[in-house]
Amino acid sequence: MTSLRPLVAGNWKMNGLKSGLSEAQAVREAVSAAQSTCAADVMIAPPATLLMVMAEACRGGKLSFAGQDCHSKASGAHTGDVSAEMLKEAGASAVIAGHSERRADHAETDAVIRAKAEAAHRAGLAAIVCIGETLGERHAGLTLTVVSRQLKGALPDGATAQNTVVAYEPVWAIGTGLTPSIADVAEVHARIRADLTARFGANGTAMRILYGGSVKPDNAKALLSVANVNGALVGGASLKASDFLAILRAYES
Ligand code: PEP
């Protein structure tokens with residue numbers, strides 16, 4: 001395991017009504033109870049409609065909250081969008097930028113994602129910037145090229161170890177039950193670390209790199225033990241507190 005303090009973040013995507021509050025409360029209570037044994041920061045990115053109510057309900061605990069996306073502007077005529085400042089006011093400490101579902105559904109480019117990450121920093125939020133190759137790109141031997149290109153394009157020059165987290169999420173592993181081999185995860189994370197250190201120096205060395213894509217209770221320990229894997233971005237398995245907590249157990253001492 002790495003010496004950087006890991007982060008395990010649950011991305012609820014477009015799931016969750018008020019009933020989801022009890023899942024968040026269960027995570028909050030377990031995280032508080034495991035304070036001395038769980039060596040990871042824990043975060044949930046609920047839908048925007050639940051962010052404020054969850055952050056209020058879990059106030060004072062160790063569980064933190066993130067938005068799933070933000071607009072690059074602070075305010076204005078952008079119907080349906082949410083700004084980083086709004087997320088911050090609602091209780092978020094971070095926001096996901098450039099999830100592959102945003103890249104696919106909303107044609108988000110690296111330049112758009114970079115502007116969103118800059119907006120996060122402007123608002124005082126950490127940006128969790130997602131990168132990852134498609135299956136076609138992996139089969140074509142382009143994984144490292146794609147990852148380096150996305151990293152270069154999507155990360156702002158002002159990224160630091162405190163305000164930015166990188167999430168490597170192979171697109172073909174998201175929601176499919178498929179995961180790359182341990183050797184493949186190690187290879188990509190080593191490349192990301194090398195790119196970050198070359199560009200950001202000590203900040204790049206200390207920036208957390210999460211793995212995301214079908215992390216489940218039964219594969220978490222193996223995936224999260226890989227060098228340069230500093231935590232996980234978890235989709236489906238974060239919707240059920242018992243599964244999410246089982247993943248967190250990978251970090252129990
Ligand atoms: C995600 O959407 O970021 C994700 C990793 O999803 P899942 O864990 O369901 O593959």
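This chain uses plain numbering: 1 for the first residue, then up along the sequence. Any value given below was found using the heavy atoms of this structure, including those in side chains, with hydrogens, waters and symmetry copies removed. First listed ligand is number 1; within each ligand, the first listed atom is number 1.
Here the options are Asn11, Leu7, Val8, the test is side chain to side chain contact (heavy atoms under 4.5 Å, CB included), and the partner is Leu233; only Asn11 passes.
Any N or O atom pair closer than 3.5 Å counts here, and Gly235 shares at least one such pair with ligand 1. Considering backbone and side-chain N/O of Thr176, none are found under 3.5 Å from N/O of ligand 1. In terms of polar-atom proximity, Lys216 is not counted as a contact of ligand 1, lacking any N or O under 3.5 Å from an N or O of the ligand. Below 3.5 Å of separation, one finds no N or O of Leu233 facing any N or O of ligand 1.
The atoms of ligand 1 that sit less than 4.0 Å from any heavy atom of Asn11 are 2 (O), 3 (O). Every atom of ligand 1 is numbered from 1 in the order shown, and the set under 4.0 Å from a heavy atom of Gly213 is 5 (C), 10 (O). Atoms of ligand 1 found under 4.0 Å from any heavy atom of Gly236 (numbered from 1 in listed order, with element): 7 (P), 8 (O), 9 (O).
At least one heavy atom of Gly175 sits closer than 4.0 Å to an atom of ligand 1. Using a non-hydrogen distance threshold of 4.0 Å, Ala173 registers as a contact of ligand 1. Residue contact check for ligand 1: Lys13 places a non-hydrogen atom closer than 4.0 Å to it.
Shortest contact from atom 5 (C) of ligand 1 to any protein heavy atom: Glu169 OE2, 3.0 Å. In this structure, atom 1 (C) of ligand 1 lies nearest to the protein heavy atom His99 NE2, 3.2 Å.
With a 6.0 Å radius and a threshold of 12 heavy atoms from other residues, nucleotides or ligands, Lys73 has its NZ atom at or below the threshold.
Ring geometry for Tyr211 versus His189: interplanar angle of 30 to 60°, hence tilted.
Glu23 and Trp12 share no side-chain donor-acceptor pair at under 3.5 Å. With no hydrogens or angles considered, a side-chain donor-acceptor pair links Glu137 and Thr134 at under 3.5 Å. For the residue pair Ser83/His78, the side-chain donor-acceptor check at 3.5 Å is not satisfied.
Counting heavy atoms from C-beta outward, Val166 and Leu196 have side chains that approach closer than 4.5 Å.
The pair Lys116-Asp69 meets the salt-bridge criterion, with a side-chain N (NZ, NE, NH1 or NH2) lying under 4.0 Å from an Asp/Glu carboxylate O.
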